[in-house]
Amino acid sequence: MRLWRKAGPPEPAAAPRAAAGTRPLSARERTKGDAQETARQRLVIASALLTMVFVAIALRMAYVSLLREGGEPTQRVAARGGAIQSERADIVDRNGIVFATSLPVMSAFVNPHLLVDTQDAARKIVSALPDLKYDEVKEKLDADKSFVWIKRGLSPRENDLVNRLGIPGLEFQAEERRIYPQGQTGAHVVGYTSIDNAGLGGVERYFDQQLQSGQTVQLSIDLRLQRMVEDEIAHAVQKFSAIGAQAIVMDATNGEILAMASLPTYDANKAKTITNEALFNRATLGVYEQGSMFKVFNTALALDSGKVTLADKFDASSPIKIDRFTIHDDPDVPHRVLTVPEVFKFSSNIGSAKMAVEVGSDAQRAFFDRLGFLKPLNTQLTELGSPLYPAHWAKINTMTIAFGHGMSVTPLHLITGVAAMVNGGVLYSPSFLKRTSGSDPGRRVIQAKTSQQIRQLMRLNAVEGTGKKADLTGYEVGGKTGTAEKVSHGGYAKKALFSSFVGAFPMSDPKFLVLVSLDEPKGTKETGGYATGGMVSAPSVKVIIEDIVSLYGILPGDWNSGRTSLEVASTPVQPSPMPQLLPVAARGQRFEHRALPARPTGPMAAPPAGVRRVTVE
């Protein structure tokens, strides 16, 4: 007999499923559901933890970006470690000789909160770095900060000594230090950087972004000539007890600056010793009345206008009185009727003023505007002075500007304008970078015929006039003196002169221009007590011309009929590729620059046909 068990009523949870025609869950299925529920709970917990981590990271980033000390390095590394950094590119001269480069260094910093004994730590640090002062270091270590610099740009020996101290919280940061192998040479052209390698002056500032991106900057400056120029004007400053000086050597055929110096100067390697007086660039930032050198422009304007010829004459027998002013000549100028060449040779203010009146005020102002004398120059320096000229260009202004009074420009303005007067009449903007042919075609400002006449007058002045002390036998030197009283307290200081001479050679086909100015020179027994441009500056121009012909191997007569034009040889520097990011340890092996080799290195391109290349061997 079979017994049948009567089924009871279904469980409440199963009733709906049974009613719906579904079967009840098995034990295995119930176990699986429990596992899925556990997994979901774990995912929620993990998500919460990840969210907390990301929030912490975000808060740290906000702290680093907004709240951290401004001087704190972005990456802390142990003394034995390395950092990934990009090198600021070199600045080199026209022959590839290094003016500025970067070297890897370590800098020490400390977290005062981690120090156990600040007094002991300060004592140890000063023992390793004796140039630091104990009180100043102790004050830093007692500061309520998480970061303070101890010293930046440690030498290898200093780095080793500080590392051996074993002070908790004292760490090191790999950085770069800007080095200037040539010291003071070319300082006002090259410029300098901050301790963080940001350009603060000169080419360093103008090309800051390019240098930071690793692109080498090649200057038009010839380091060898630069040194010669600086030595000569330093000698002149000492000899004539001047308060300062400036000198520029320019290639008249393309506007390249081959040398430029300003005294006093500075050494960018010793940033703490740089004074405002030393930073002042007399050649590009100083604005001065240039005196009789302006007669070059006045004569060129008069001849180019067609209203005056070389055969014309002007009465200089008596002073000119206009309003409350009197225009007179120096005692050495003949008081008689003078021809145009005599006005230039004897440097007559009266004859120059009358010549300017013939042309007129409007034409004179337009001419100086065409030369760029009414605004700062456009070149690769940021230290550029703005010319000063009369707002209302009256007749009296026209007359005084004719001989260099009543209008002030920088020496760089002056030599740029003179270059156009002698090179055939084409104005080139001055350049501190090497130029390629056609990089600046220039623009015509006077006729070629007028330029030829100006060359003849400048040669006459060096042979028979006020510039005789600059003449060099066999090299056809020409030039013009300029002596101006410096403006002081609304008037002129009689004994404070700005004495200059601008020379060019060879005058048959000018290639080189040299401008030397002495600021407040004093006459000597040798000069008869005079401190004029012809007495104190012209001799320095002659010395610099001798340096040029010696340096480049120029022989007398190289520009005679049938000979070719001169070209200053130089070594091109290949464009630098974008820098690779290398550890400091690897980069430290790459710096093997020599300060001044005996001759340019690397191949030189053959000169164009019809050009004689000159260089020193």
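Side chains of N423 and L513 form no contact here, defined as non-hydrogen atoms less than 4.5 Å apart. Using a 4.5 Å heavy-atom cutoff, the side chains of V190 and V203 are not in contact. The closest side-chain heavy-atom distance from L515 to Q246 is below 4.5 Å. Between V126 and K133 the shortest side-chain heavy-atom distance does not fall below 4.5 Å. No side-chain heavy atom of L381 sits under 4.5 Å from any side-chain heavy atom of L412. Residues L200 and R205 have side chains not in contact (no heavy-atom distance under 4.5 Å, counting atoms from C-beta outward). Looking at Y389 and F373, their side chains never come closer than 4.5 Å, going by heavy atoms from C-beta outward. Under the 4.5 Å side-chain criterion, counting only non-hydrogen atoms from C-beta, F498 is in contact with Q290.
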Practice task
Evaluate the side chain to side chain contact (heavy atoms under 4.5 Å, CB included) criterion for residues K138 and D135: first the C-alpha distance (whole Å), next the side-chain angles of each, then the deciding distance (0.1 Å), finally the verdict.
Solution key: CA-CA 5 Å; K138 181 68 165 55; D135 292 340; 5.6 Å; no
Problem - Test salt bridge (charged side-chain N to carboxylate O under 4.0 Å, His left out) applied to K151 and D131, step by step - result: CA-CA 10 Å; K151 185 176 181 180; D131 59 317; 2.8 Å; yes
Handout entry: side chain to side chain contact (heavy atoms under 4.5 Å, CB included) evaluation trace for I179 with N269
Key = CA-CA 6 Å; I179 302 296; N269 294 306; 4.3 Å; yes
Exercise for the section: Please lay out, stage by stage, how L154 and F172 fare under the test side chain to side chain contact (heavy atoms under 4.5 Å, CB included). Expected result: CA-CA 10 Å; L154 297 170; F172 298 84; 4.0 Å; yes
Practice task
For L433 and V217, run side chain to side chain contact (heavy atoms under 4.5 Å, CB included): C-alpha distance rounded to whole Å, both residues' side-chain angles, the deciding distance at 0.1 Å, then the answer.
Solution key: CA-CA 8 Å; L433 298 186; V217 172; 3.7 Å; yes
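Ion pairing of D231 with R227 is absent here, as no side-chain N (NZ or NE/NH1/NH2) approaches a carboxylate O to less than 4.0 Å. Between R88 and D208 there is a salt bridge, since a side-chain N of the basic residue sits under 4.0 Å from a carboxylate O of the acidic one. Taking 4.0 Å as the cut-off between side-chain N and carboxylate O, R224 and D222 count as a salt-bridged pair.
Under a 3.5 Å cut-off, the side chain of E176 and the backbone N or O of E87 do form a donor-acceptor pair. A donor-acceptor pair is defined here as one N or O able to donate and one able to accept, closer than 3.5 Å; such a pair exists between the side chain of S220 and the backbone of S431. In terms of modelled atom types and a separation under 3.5 Å, the side chain of E230 and the main chain of G186 share a donor-acceptor contact. Between the side chain of Q380 and the backbone N or O of F432, at least one donor-acceptor pair lies under 3.5 Å. Side-chain N or O atoms of N95 include none that pairs as donor or acceptor with a backbone N or O of I97 at under 3.5 Å. A donor-acceptor pair under 3.5 Å is absent between the side-chain atoms of Q218 and the main chain of K434, judged by distance alone. A donor-acceptor pair is defined here as one N or O able to donate and one able to accept, closer than 3.5 Å; such a pair exists between the side chain of D93 and the backbone of L223. Checking side-chain atoms of E289 against main-chain N and O of S408 turns up no donor-acceptor pair under 3.5 Å.
Closest heavy-atom contact between L518 and A242: CB-CB, 4.4 Å. Heavy atoms only, all atoms of each residue included: S540 and V516 are closest at CB-CG1, 4.1 Å. Contact record, L371 with M421: CD2-CE, 3.8 Å, taken as the closest heavy-atom pair. Closest of all the heavy-atom pairs between V237 and A245 is CG2-CB, 3.5 Å. Counting all heavy atoms, side chain and backbone alike, S500 lies closest to S517 at OG-OG, 2.8 Å. In terms of heavy atoms, H188 sits closest to P264 at CE1-O, 3.4 Å.
The side chain to side chain contact (heavy atoms under 4.5 Å, CB included) test with L141 singles out one residue from L170, I150, D120, and that residue is I150.
Rounding to the nearest 0.5 Å places CD1 of I548 at 4.5 Å from CZ of F505. For the atom pair CD of E232 and CD1 of I545, the computed distance is 11.5 Å after rounding to the nearest 0.5 Å. Distance OH/Y206 to CG/L384: 9.0 Å, rounded to 0.5 Å. Here the CZ atom belonging to R443 is positioned 5.0 Å from the CG atom belonging to L427, to the nearest 0.5 angstrom. In this structure, Q215 CD and Q210 CD are separated by 4.5 Å, a value rounded to the nearest 0.5 Å.
Residue D196 places its CG atom among more than 12 non-hydrogen atoms of other residues, nucleotides or ligands, all under 6.0 Å distant. The environment of CD in E139 is sparse: at most 12 heavy-atom neighbours from other residues, nucleotides or ligands sit within 6.0 Å. Counting heavy atoms of neighbouring residues, nucleotides and ligands inside a 6.0 Å radius, atom CZ of R444 exceeds 12 of them.
Below 30°, between 30° and 60°, or above 60°: for F512 and Y552 the angle between ring planes is below 30°, a parallel geometry.
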Show me, pair by pair, the donor-acceptor contacts under 3.5 angstrom made by side chains of residues 276-284, not counting sequence neighbours?
| from | atom 1 | to | atom 2 | distance (Å) |
| --- | --- | --- | --- | --- |
| N281 | OD1 | A283 | N | 3.0 |
| N281 | ND2 | T284 | OG1 | 3.0 |
| R282 | NE | D519 | OD2 | 3.2 |
| R282 | NH1 | L263 | O | 3.0 |
| R282 | NH2 | D519 | OD2 | 3.3 |
| T284 | OG1 | E383 | O | 2.6 |

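Residues S146 and N111 have side chains that never bring a donor and an acceptor to within less than 3.5 angstrom of each other. For the residue pair T265/Q184, the side-chain donor-acceptor check at 3.5 Å is not satisfied. Residues T118 and D142 bring a donor and an acceptor atom of their side chains to less than 3.5 Å of each other. E204 and T193 share no donor-acceptor pair across their side chains, judged by distance under 3.5 Å alone. Side-chain atoms of H413 and T416 form no donor-acceptor pair, as typed in the model, at a separation below 3.5 Å. T273 and D267 are not linked by any side-chain donor-acceptor pair at a separation below 3.5 angstrom, with hydrogens and angles left out of the test.
L161 is linked by a side chain to side chain contact (heavy atoms under 4.5 Å, CB included) to A128, R157, counting only residues two or more places apart in sequence or in another chain. Taking D547 as the reference, nothing meets the salt bridge (charged side-chain N to carboxylate O under 4.0 Å, His left out) condition, with sequence neighbours excluded.
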